[in-house]
Amino acid sequence: MSGIGRASVLIGAGTIVSRLTGFLRAVVLVAAVGSVNSRAGDAFGTANQLPNNIYAIISTGLLTAVVVPQIVKASAHPDGGKAFISKLFTLGTVVLVGTTALATIAAPWLVQLYAPDYTPQQLALTTAFAYWCLPQILFYGLYALVGEALNARRVYGPFTWAPIVNNAVSIAGFLVFIALFGGPITSTSAWTPSMVALLAGTATLGIVVQAVILLFFWRRTGLHLRPDFRWRGVGLNHLGRLAGWTFLMVLAGQLAGLVQSRVLSGASGDGPAAIASQNAWLLFMLPYSIIVLSIGTPYFTQLSEHASAGRDADVRADIGRSIRTLGVFIVIATFALAAAAVPASRIFTNSADQAVAAAWVLLAFLVGLIPLAVLFVIQRTFYAYNDTRTPFFFTVLQCVIVVATALIAQATLSLEFLAAGVALGQSFASIVQVILATWLLQRRLGDIAIGAWLLSLARFIVAAIPAAGVGWLVFLWFGGADGWTASSPLLGAVGAAIIGLVSIGVYVGFLALLRAPELSVATGLVRRFLPGRR
């Protein structure tokens with residue numbers, strides 16, 4: 001357990017710094033291109049999201065669901081997994097290079113596909129950005145391949161800390177852009193080729209540097225790889241069968257995201273749209289990344305080992321323990337961020353009115369944060385048993401709901417609330433998905449003590465409601481949307497931090513009154529972050 005704790009702290013600390021520098025990157029980007037009602041900002045947001053979408057289709061699902069368990073198994077081979085991983089890396093690199101080239105050539109059609117309602121001038125600007133951004137696909141893939149191999153060998157730090165350098169490169173480039181051209185430049189007619197090259201080229205350079213840095217830590221894996229195009233003989237056919245369902249699952253998710261993007265393109269210039277939704281998602285992902293990924297990633301490696309050894313009882317124990325540990329943190333994070341939604345949104349907007357509009361999008365996303373944390377554990381338990389078929393089916397249902405709710409939002413909501421409606425539909429879909437996934441896992445593994453960890457989550461929520469209420473009163477005491485916490489990005493960050501700390505303090509007090517046993521586990525993990533503690 002101490003190993004899990006140390007790994008969680010290492011990943012958590014790196015994720016905190018990464019997310020904070022990511023926040024600063026987003027703030028500087030908003031200063032350069034704007035956020036709500038910015039056609040140029042939405043153009044860059046759409047173009048810079050394209051490599052993420054395409055990369056997810058070809059690789060993310062494969063890596064998350066398959067590579068870590070398979071590398072853990074390959075470690076038991078006589079050569080320590082060298083042959084398997086050499087072939088895997090060679091195949092992965094070939095696929096990434098080919099996909100990157102094809103996607104870059106297809107940039108104009110991809111932009112039209114994702115943003116059909118953009119004006120002609122906005123489409124042209126988005127396409128120009130896309131030519132610079134799409135090469136990121138290759139370097140995202142290399143970063144993930146190397147990083148997942150490091151994680152599988154329990155070398156967690158570099159994968160978590162490398163994005164900090166990416167953020168630093170982007171921040172520097174965006175600041176140079178502002179120094180040369182000013183900002184925010186929201187009109188599509190004001191952009192020149194040199195402006196496009198500097199902004200989008202900087203974003204891509206950051207991803208390149210992020211991938212290259214991981215190579216310096218490869219020696220810690222103890223593996224010596226070489227190009228190997230003989231892709232038979234070490235189980236890659238089995239790997240392909242496992243990845244087939246995952247590929248279809250990721251494809252379904254990207255198709256749902258495509259519908260969302262097309263719906264949001266109609267709101268560009270008239271309300272929160274692409275870049276505002278991305279920034280709300282960035283806020284939403286802050287607690288998910290710090291809490292769920294830092295605690296859940298080491299658990300997933302341990303859970304994979306237990307599943308591989310056929311120790312189902314240990315797996316069931318891992319499920320309950322990880323959900324309760326995640327829950328004690330993620331519940332208060334959800335409620336505290338909801339109380340601070342306006343100040344937090346002000347960090348990524350150019351006025352208080354824009355912060356209020358963006359806060360509705362954030363609140364809609366937050367409805368799904370707790371279910372998403374539970375889903376992390378449930379879904380990866382299936383992966384640990386090499387079952388990618390079952391997650392495909394419950395993910396398809398989620399995607400169908402995402403598409404349906406996005407189209408309903410498009411038909412019923414004003415442009416001002418369209419992005420919030422799309423986000424709320426996604427949260428509803430996540431709730432349905434986790435209910436179905438949990439039921440299916442119970443059928444497979446037997447009793448996974450659903451009632452016990454649901455009771456714990458309920459106890460956390462009971463404590464978090466008054467905590468968020470106190471946080472909301474603090475926000476009103478500071479003047480609400482017309483007060484100092486919404487007057488600038490910096491003060492928005494300060495106000496959100498104060499509201500969050502007050503909410504957490506009240507939450508801890510209520511958990512103590514409720515005698516929640518998870519509180520001691522949570523305080524133990526927190527102490528590991530303090531200087532001089534292990």
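Along the sequence shown, the residues carry numbers beginning at 1. The basis for the numbers below is simple: all heavy atoms, side chains too, and nothing from hydrogens, waters or symmetry mates.
Under a 3.5 Å cut-off, the side chain of T21 and the backbone N or O of I164 do not form any donor-acceptor pair. For S430 (side chain) and Q426 (main-chain N/O), a donor-acceptor pair under 3.5 Å exists by modelled atom type. No donor-acceptor pair closer than 3.5 Å links the side chain of S261 to the backbone N or O of G257. Here the side chain of S277 pairs no donor or acceptor atom with the backbone of A419 at under 3.5 angstrom. With S289 contributing its side chain and L286 its backbone, the two residues share no donor-acceptor pair below 3.5 Å. With hydrogens and angles ignored, the 3.5 Å screen pairs a side-chain donor or acceptor of Y507 with a backbone N or O of V328. Judged by distance alone, the side chain of S265 and the main-chain N or O of R262 form a donor-acceptor pair under 3.5 Å. Between the S427 side chain and the G368 main chain, a donor and an acceptor come within less than 3.5 Å of each other.
Closest approach of V259 and A406 over heavy atoms only: CG1-CB, 4.4 Å. A pairwise comparison of heavy atoms in I332 and A467 identifies CD1-CB, 4.0 Å as the closest pair. Annotation for S503 and A336: closest pair CB-CB, 3.8 Å, computed over non-hydrogen atoms. Of all heavy-atom pairs spanning S345 and L362, the tightest one is OG-CD2, 4.0 Å.
Side-chain contact between P184 and V30: absent, with no pair of heavy atoms (C-beta onward) separated by less than 4.5 Å. Residues L407 and Q410 meet the side-chain proximity criterion, which asks for heavy atoms closer than 4.5 Å. When side chains are defined from C-beta on, Y140 counts as touching N52, because their heavy atoms get closer than 4.5 Å. Using a 4.5 Å heavy-atom threshold, the side chains of L424 and F428 count as separate. Side-chain contact between P391 and Y383 is present, with at least one heavy-atom pair separated by less than 4.5 Å. Between N167 and L24 there is no side-chain heavy-atom pair separated by less than 4.5 Å. Between I431 and V367, some side-chain heavy-atom pair lies under the 4.5 Å cut-off. A 4.5 Å side-chain heavy-atom check between T438 and I448 finds at least one atom pair inside the cut-off.
Shown here are the ring pair (Phe, Tyr, Trp, His ring centres under 6.0 Å) partners of Y385, two or more places apart in sequence or in another chain: there are none.
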- prompt: Can L282 and M285 be said to form a side chain to side chain contact (heavy atoms under 4.5 Å, CB included), step by step?
  reply: CA-CA 5 Å; L282 181 64; M285 287 300 293; 5.7 Å; no
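Within the structure, salt bridge (Lys or Arg N to Asp or Glu O under 4.0 Å) contacts touching residues 439-462 (residues at least two apart or in different chains) are D387-R444, R459-E518.
Taking CD1 from I323 and CH2 from W453, the interatomic distance works out to 4.0 Å, rounded to the nearest 0.5 Å. Note that CD of Q433 is 8.0 Å distant from CG of L397, once rounded to the nearest 0.5 Å. Taking CD of Q278 as the start and CG of L283 as the end, the distance is 12.5 Å to the nearest 0.5 Å. Put simply, CD1 on I435 and CZ on F394 are 13.0 Å apart, with the number rounded to the nearest 0.5 Å. Note: L29 CG to N279 CG = 7.5 Å, rounded to the nearest 0.5 Å. From I370, atom CD1 reaches atom CG of L457 across 7.0 Å, with rounding to the nearest 0.5 Å.
The environment of F417 atom CZ is dense: over 12 non-hydrogen atoms of other residues, nucleotides or ligands sit within 6.0 angstrom.
S456 and R324 share no side-chain donor-acceptor pair at under 3.5 Å.
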Expected list for residues 472-491: side-chain donor-acceptor pairs under 3.5 angstrom, two or more places apart:
{"residue": "S487", "atom": "OG", "partner": "W484", "partner atom": "O", "Å": "2.6"}
{"residue": "S488", "atom": "OG", "partner": "L491", "partner atom": "N", "Å": "3.2"}

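Note: F23 and F348 have perpendicular aromatic rings, judged against thresholds of 30 and 60 degrees for the angle between ring planes.
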